[in-house]
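Here the structure is a predicted model, which means the values were calculated and not measured. In what follows, every heavy atom counts, from backbone to side chain, and hydrogens, waters and symmetry copies are set aside.
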Amino acid sequence: MDGTNILNNLKQFIKTILKNLHIDPTLNMKYDRQTEKVIQKLLKPTSNTIDVGCHKGEMLEKFMKASPKGVHFAFEPIPAMFHGLTQKYAGQNCRVFPYALAEKPGQAEFNFVKNAPAYSGLKQRKYAVDKPEIEKIQVEIKTLDEVIPANVKIDFIKIDVEGAEYGVLRGGSETVKKNKPVIIFECGIGASDFYGTTPAAVHELIVHEYGLHLSTMQRWLKNEKPFAENEFIETYNQA
């Protein structure tokens, strides 16, 4: 076993211990734990889900476990990760697509951050790594409405695309309006603003156009009231 594998195994071991102790030393671990709680509370065995920005499939795995009789749609434009997902879930109740999602279809240059793949996206943004190694790759862009069959009821959507979430949501207008799913998505300064997204625009889209409510996972899990527009804007600016 080489040094890299030893280090990765050690990181996973430490992460598992912290998880079992309910300790979240990073925001990502905190949000992952909250996402798991949402899954446990929301998903039924027959629920259908969408994972946009599937990465290695960590959350997709949990969707499939919680909803073994549902159908699950996953999107991952990084070629190596897409192929890994297709091999891992071949023959299962999961459909994996190699597309980036946005408001309109087309072709685009995608920033693959080789030493921090989770930060990859259609636009360059701030990265929490020193000297990010960025490889430009060409990807095909689709809209959510193009890919998701109209006759499939969608219960849950997770979107993690490093700031491009608003475009994904706009490209899924028919899917969202028809199904009114619970949606988990990132939205905040340091990512969303690189795409020109404003909190007012997000509130207008989600609340007024789609007829849904806006909240944090923590608020939702505690059954607290959703955000008023001013509360959402304040929370966005503090992120």
Side-chain angles (χ1 to χ4, degrees), residues 4-5 8-9 11-13 15-16 19 28-29 31-102 105 108 110 112-114 116-122 135 137-162 164-165 168-169 171-172 175-176 179 181-186 217:
T4 300
N5 286 333
N8 288 337
N9 288 340
K11 287 180 178 178
Q12 186 58 46
F13 177 69
K15 185 176 180 179
T16 300
K19 180 178 179 180
N28 282 340
M29 290 184 69
Y31 295 149
D32 285 349
R33 186 185 299 279
Q34 290 176 353
T35 301
E36 290 182 33
K37 290 180 179 179
V38 173
I39 292 169
Q40 293 167 5
K41 183 175 179 178
L42 175 72
L43 294 189
K44 300 177 182 178
T46 57
S47 296
N48 302 320
T49 74
I50 299 173
D51 189 343
V52 185
C54 189
H55 200 55
K56 296 179 181 178
E58 294 96 334
M59 287 300 161
L60 177 63
E61 188 82 27
K62 298 181 188 302
F63 301 163
M64 296 176 69
K65 183 177 180 180
S67 304
K69 296 180 180 179
V71 60
H72 307 278
F73 301 87
F75 296 85
E76 178 49 61
I78 298 175
M81 291 186 175
F82 165 73
H83 291 303
L85 291 167
T86 56
Q87 292 176 0
K88 183 176 181 180
Y89 297 114
Q92 299 187 47
N93 57 332
C94 176
R95 304 177 192 177
V96 184
F97 301 93
Y99 311 130
L101 295 182
F110 186 88
F112 171 36
V113 187
K114 298 172 68 175
Y119 288 112
S120 302
L122 289 170
E135 178 184 346
I137 62 175
Q138 289 295 314
V139 299
E140 184 174 3
I141 296 179
K142 296 281 190 180
T143 69
L144 201 60
D145 288 341
E146 279 186 283
V147 181
I148 303 303
N151 63 344
V152 176
K153 183 183 184 303
I154 299 300
D155 303 290
F156 180 78
I157 303 175
K158 167 239 156 188
I159 310 173
D160 184 359
V161 289
E162 301 306 306
E165 289 79 6
V168 176
L169 289 165
T175 301
V176 175
N179 296 286
V182 169
I183 306 171
I184 291 179
F185 66 100
E186 291 189 345
M217 287 188 287

Identify the heavy atoms of [X] and [Y] that sit nearest to each other, and give their distance.
X      : Y      : answer
Ala108 : Leu122 : CB-CD2, 4.0 Å
Ile141 : Ala102 : CG2-CB, 3.6 Å
Pro79  : Ile137 : CD-CD1, 3.8 Å
Pro77  : Val139 : CB-CG1, 4.0 Å
Ile78  : Pro117 : CD1-O, 4.0 Å

So, do [X] and [Y] sit near enough that their side-chain heavy atoms are less than 4.5 Å apart?
X      : Y      : answer
Tyr99  : Glu146 : no
Lys158 : Ile50  : no
Val168 : Phe185 : no
Arg95  : Pro149 : yes
Glu140 : Pro98  : no
Glu186 : Ile159 : no
Val38  : Phe156 : yes
Tyr89  : Glu61  : yes

Look at the side chain of [X] and the backbone N and O of [Y], then say whether any donor-acceptor pair between them is shorter than 3.5 Å.
X      : Y      : answer
Ser120 : Val113 : yes
His72  : Gln92  : no
Asp155 : Asn48  : yes
Asp160 : Gly53  : no

Worksheet item: Please walk me through it: do Cys94 and Leu60 pass side chain to side chain contact (heavy atoms under 4.5 Å, CB included)?
Response: CA-CA 9 Å; Cys94 176; Leu60 177 63; 3.7 Å; yes

Just list the side-chain donor-acceptor pairs under 3.5 Å for residues 39-46, sequence neighbours left out, or say none.
{"residue": "Lys41", "atom": "NZ", "partner": "Asn223", "partner atom": "OD1", "Å": "3.1"}

Fill in: Positive for side chain to side chain contact (heavy atoms under 4.5 Å, CB included) with Ile157, one of Val182, Leu144, Asp51
Leu144

When rounded to the nearest 0.5 angstrom, what is the spacing between [atom1] in [X] and [atom2] in [Y]?
X      : Y      : atom1 : atom2 : answer
Lys88  : Thr86  : NZ    : OG1   : 12.0 Å
Lys114 : Glu135 : NZ    : CD    : 5.0 Å
Phe97  : Ile148 : CZ    : CD1   : 6.0 Å
Met59  : Cys54  : CE    : SG    : 10.5 Å
Glu36  : Glu58  : CD    : CD    : 11.0 Å

Worksheet item: Hey, mind stepping through Leu101 and Lys142 against side chain to side chain contact (heavy atoms under 4.5 Å, CB included) and telling me if it holds?
Response: CA-CA 5 Å; Leu101 295 182; Lys142 296 281 190 180; 4.1 Å; yes

Practice prompt. Carefully, step by step, assess Glu165 and Val52 under the rule side chain to side chain contact (heavy atoms under 4.5 Å, CB included).
Written response: CA-CA 9 Å; Glu165 289 79 6; Val52 185; over 6 Å; no

